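Below: the structure, in structure tokens.
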Amino acid sequence: MDKQSQPPNSKRKELGLSCMLNTEVGAVLAVLRRPPDANSFHLSTAPDDTIDTALLQSLKSLRALVFNPPQEWRMLDPLIYLSPFLDVIQSDNVPAAATGVALSALLKILKLEVFDEKTPGVKPAMISLVAAITACRLEKTDPFFEDAVMMKILQLLTEIMHHSASALLCDQSVCVIVVQQSVGRRDLLQRSAMYTMHDLIQMVFSRLPEIEARDGDGASESEVEDADLNGYVDSRYGIRCVVDTFHFLCSLLNVVELLETEGSTLQTTEEDIQLFALVLINSAVELSGDSIGRNPKLLRMVQDDLFHHLIHYGACSSPLVLSMICSTVLNTYHFLRRFVRLQIGAFFRFVLLRIATAQGVPLQLQEVSLEGIINFCRQPTFIIEVYVNYDCDPLCRNVFEEIGKLLCKHSFPVSSPLTPLKIQAFEGLMVIIHNIADNIDREDDSTPSEPYPVEVFEFRPFWEDKPNDDSLSWVEFLRLRRAQKRKLLIAAYHFNCDEKKGLEYLKFSKLSPDPPDPKAFAFFFRYTPGLDKNMLGDYLGDPDEFHLQVLKEFTESFEFSGMILDTALRTYLETFRLPGESQKIQRILEAFSDRFYEQQTEDLFVSKDAVFILCYSLIMLNTDQHNPQVKKKMTEGEFIRNNRAINGGNDLPREYLSELFNSISNNEITIFAQSSQSVEMNPSRWIELMNRSKTAQPYSLSNFDRRLGRDMFSSIAGPAVAALCAFFEHADEEDLLLECVEGLFSMARITQYGLAETLDELLASFCKFTTLLNPYASAEETLYAFSHDLKPRIATLAVFTIANNFANHIRGGWKSIVECLLKLKRLKLLPQSVIEFEATSPTSESSVNFPAIDSKFGSRHSSVMIGSFSRFLSIESIEESLSLGISEFEQNLKIIRQCQIESIFSNTSSLPEDALISLGRSLIFAAAGRGQKFSTQVEEEETVGFCWDLIIGITLTNIHRFPSFWSAFHDHLLAIAQFPMFSPVPFAEKAIVGLFKVCLKLLGTYQPEKAPEELIFKSITLMWKLEKEILDTCSEFITQSVSKILIEFPANLKTQLGWKSVLHLLSITGRQSETYEQGVETLIMLISDGTHVSRTNYASCIDCAFSFITLRNSPLEKNIKILDLLSNTVSKLVQWYKSQCLELENNFSVASSTSNSSFEENSFKGYGNSLNIYMNLFIKLGEALRKMSLARREDLRKHAILALQKSFTLAEELDFTPSNCMNCFNLVIFAMVDDLHEKMLEYSRRENAERETRGMEGTLKIAVEFLTEVFLRYLKQISSSPGFRAFWLGVLRRMDSYMKADLGEYGKSKLPETVPDLLRKIIKEMKKEILVPKEGDDLWEITYIQIQWIAPFLKDELFPEASL
């Protein structure tokens, strides 16, 4: 053919359609005209005379129209060519074969899209097509061919919904198509119908967003319900169709209830229908998404009908149905959870949690319920949202907490092997833990992590679900409500014990204002679980005015709209036990009647009294029907007669009373309900839930917050830790052990946020699995268990990994870690880097590079750490290692190296103070042997030394903040010293060595504060006082340390305690022959240099010097040098005195210019007190020299007196007031001469002691001469003292004793030769001004008399005037 003669594409297509129609019409006519064939089983036909002539004529007319003239089919009314086929389908006399061919023709017309949505007349055509197909007649059909025809009908209906013009179908047509698929058929056809129906549901609900866009956001519920029927039929299908379809799907769930009395053989079928309905509902929800939430009618059906069925059948269904129900609720959660908050909570309470915790439930059902719970928990935001929406609402159950504790309970094993249910529950628990850890520990999270505790400081109505001001953020408000909820439970406990205490606690906890608010009490009674219902009923029925107000508020918290009377009464009486006293019952029923009358939806009751009377009647009926002691039961007629004319003189409807009677008779009102009774979802409770949902806040879509995450975990922390540890104990497979370790690390990440006690509990538990803390196992048994069991090695690595990465948050857990460390030390498994740990040494690297993880690490770090555990698990077994030449010991040591124990202590500089103090406490108590058992003394010494090495190591590492933690360390040392069975050796010995290392480190650099120095020397003093023998055993080390301090760092010693301790230890340890030389040279260097001798350490220097001088067999030249140095230090005293006077004078001159006289007087007194310090130091020196004058060696005694004489000479510029002079004589000079005199007499009474006696006599002579010299030098000051008379008599008395000294067998004393000359000097000097006869003064007379007794021969010489 020539190209020009070919038709264009459009005409070719139209021609093809014409040919197709012609063929299909011919096929139908051929089947209709075909003669009957008895052998034909598939094509049953009828003779022409039985076929409607009009039917044949319409087919022939269509055939004539097909080609003449050529048609443009898309612009032609589809009914023109569809009607003949539709007539065939609807005809009663047409054989099945013809019906099948006609259906095939229609299917081909739809697939080839002969018409579309723009074709004129397409809408009536589509509606007629649906009507004809759904009314298809199969009167002349053999059973074998019927299924084939029905299959074509299903295909055709599906194709109709897929056709582009299906959007023009009316709501009724679509509903007919959907419902048509539920007609009962044989199995194979039924399955095909189900598949078709599924396809139709998907098409309908996938168009819901499109329908919304077309019709707007959806008509209101009233508009949908009040739609005109004609308009409904003629309009394009839309929301109404979707609503009716969804209603039909919900009704399929109720098939069991409708057919449950027809025999048990149909049970499987009904279950299949339920499953099919759930599949369709899931598809509808998945495809329509949140569009359902924008249509009030659809949303109400989901909230009410759907969830009511799901909860009802979920609680008593098979595992398969329950699994599908869980999927349905989960899909609803994803798309509609904002609108079904209370319904989701009820599903968990009455279905999942109930099945999982109930006794006698089949195991398969429990597994399904657990799997359903776990699937919810796997959703990224579920656990935080369920915590926010339920656990933080005082009016709701703690859904998250109940889920967490349920999983803990089911995963807690009591024996091995682990059951699948326990493994499943444990995996669910880990899902929750990992979810919290990953969200609480996000690196990009800027939310605050504190404060941890939440306190209720003021009254805020706990029943209000929105903050009434802007003072609280959203998270703070949630945490406050959670705290209120906890306190409500505590108040409930107190209320059950004592009503008054419980209500007082409400006020104390700011849950009720003061004076109390009836509404607060009412909501406490209404929504707090666990209250004693007996006590609650008695309280509500009390006649007190306040109790009546509480009763009114309590009753108004109920929503009775939509309930019939008995349902409302059941709901009301479930919350408390109706008291037995009639007056109390009356008050309670009156309150109920008022509330029910106000909320009745129909004007059935004309007054509150009618409600009240009928309530009383129902209570009596309930007792009559269900009390076994009542033999003759009330009949329905009697009940109706008893309630005549109670409604304002009129009768209530008989049907209403009959319904009440039957309800009470069949279902008892639990008037005496107890809190322990099992609670089920009944119709009354569901109506109440729906009423609450109208006013409750929608489901809150929440983001994670660290504070909420911490609170979430704390609510299940105890059971979670116990479950994890028990599961690890009974697990044997490596995968399960590894999962436990993952959970351990996730819990540790969570505990960073104020849950240190939980982390300590984790560590203490896992340390037990290391086998290192078994007190009954020997070292060999422990080593064998550690070597041949994977679990102890995993536990050990896990414990030290946590110690490395979460050390900042460990408190009491350090005790267990230290105990493991010490056991490893005894087993000789500690790397050398730990044993020789020093603060300044770098951390040694182990052969396996174990990841160092920040204290706050996310899931990425956690996976890296688990990867390291996988590498650990792949380490060769002991047997394989031995075959490779690696010993068992080396293998174990290799594992311990991976723990990187040394880094725990080398990184302590970053520890917070609490953690550092806790670590130090554990080490100190371990060093003291607390909880330790030592087999040998060597083992004890090694353990104590190792502990002190670690203590000193971490102290030196943290030397920059020494005062902040050492005070606590010192308190621990004090506590140890008070242990009843504490043995200070070798504890104190190791401690003193370590403490001096710290001391040298502290004093090696300048410390602006005095606290570090005082703290370390307090501890040093405490240690050597615990066991003074250590000063001998450690004398060499102490002397070296002290000498280093005094020689290299004397300028850094600032405190009196420091100087006193150093010099005291130098004086004690320097007594040893090995240390004397170094000690005395150090002292001599310190004093001779003089630079660092100060008012602070002057007295200590004197004590130290005295200690060295008094040593036996000490070199004389050293002692003499020390004496000379001491006497020379007086010039330092004078210097300090002068500078102090100058400073005080300057200060006083400034102060006196602005102050009054009384202030000046007080200032003088204060200045005088401050200057006395120098005189006291001088007296201190004098006393020391006075003691040295009693030394055994005569040369030393005489040099001591000479040094004392020199000291007084240098001290002339000090403040020698009369009182100071008297003190010097009394404490130094008089004491010295008295001691020398007594010593001399003592020697004189000994045998063979003439040399000692004469030597002491010579020393006494020098001392008396020294006395005379000092007396004359300060005579003026002394004589002005009020006590001069007694003082002078004391001098004369001593002179008299010297004159009469008796040396016994060693001859006469030489002192009488010296004393007269001294008396001459003294009296001659005194007679110039002091010793002069005066009226009223007997000094001269007394002196004259005393001289007559002492030396009569001096009387005339000294007192010539007396002889006149």
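Treat the numbers as computed from the prediction; the structure is a model and nothing was measured. Hydrogens, waters and symmetry mates play no part in the numbers below; they use all other heavy atoms, side chains included.
The ring-ring contact (aromatic ring centres under 6.0 Å, His included) search around His494 returns Tyr505, not counting sequence neighbours. Residues satisfying the ring-ring contact (aromatic ring centres under 6.0 Å, His included) criterion with Phe347, sequence neighbours excluded, are absent altogether. For Glu761, there are no salt bridge (Lys or Arg N to Asp or Glu O under 4.0 Å) partners two or more places apart in sequence or in a different chain.
Distance check, rounded to the nearest 0.5 Å: CG of Asn398 to CD1 of Ile716 gives 12.0 Å. The distance from atom SG of Cys396 to atom CG of Leu342, rounded to the nearest 0.5 Å, is 6.0 Å. Distance check: Leu762 CG to Ile802 CD1 gives 6.5 Å after rounding to the nearest 0.5 Å. Interatomic distance, Lys510 NZ to Gln484 CD, rounded to the nearest 0.5 Å: 12.5 Å.
The side-chain tip of Arg526 does not point at the ring of Phe523 from less than 6.0 angstrom away and within 45° of straight on.
Within the 3.5 Å criterion, the main-chain N or O of Ala356 finds a donor-acceptor partner in the side chain of His410.
The distance between the ring centers of Phe382 and Phe348 falls below 6.0 angstrom.
With salt bridges taken as basic N to acidic carboxylate O contacts below 4.0 Å, one links Arg460 and Glu458. Looking at Glu401 and Lys405, a side-chain N of the basic residue comes within less than 4.0 Å of a carboxylate O on the acidic one, giving a salt bridge. Between Arg749 and Asp438 there is a salt bridge, since a side-chain N of the basic residue sits under 4.0 Å from a carboxylate O of the acidic one. Looking at Asp711 and Arg707, no side-chain N of the basic residue comes within less than 4.0 Å of a carboxylate O on the acidic one, giving no salt bridge. With salt bridges taken as basic N to acidic carboxylate O contacts below 4.0 Å, none links Asp705 and Arg479. Salt-bridge annotation for Glu371 and Arg378: present, with a side-chain N of the basic residue lying under 4.0 Å from a carboxylate O of the acidic one. Taking 4.0 Å as the cut-off between side-chain N and carboxylate O, Lys694 and Glu559 do not count as a salt-bridged pair.
Of the residues listed (Leu744, Val741, Val799, Thr770), the one engaging Ile794 in a side-chain contact (heavy atoms from CB on, under 4.5 Å) is Val741, and it is the only one.
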**OP:** Evaluate the side-chain contact (heavy atoms from CB on, under 4.5 Å) criterion for residues Cys725 and Lys768: first the C-alpha distance (whole Å), next the side-chain angles of each, then the deciding distance (0.1 Å), finally the verdict.
**Re:** CA-CA 10 Å; Cys725 296; Lys768 296 177 183 177; over 6 Å; no
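Of all heavy-atom pairs spanning Met690 and Ser693, the tightest one is O-OG, 2.6 Å.
Relative ring orientation between Phe769 and Phe728 is described as tilted, the plane-to-plane angle lying within the 30° to 60° band.
For the 3.5 Å distance criterion, the side chains of Gln379 and His334 qualify, holding a donor opposite an acceptor.
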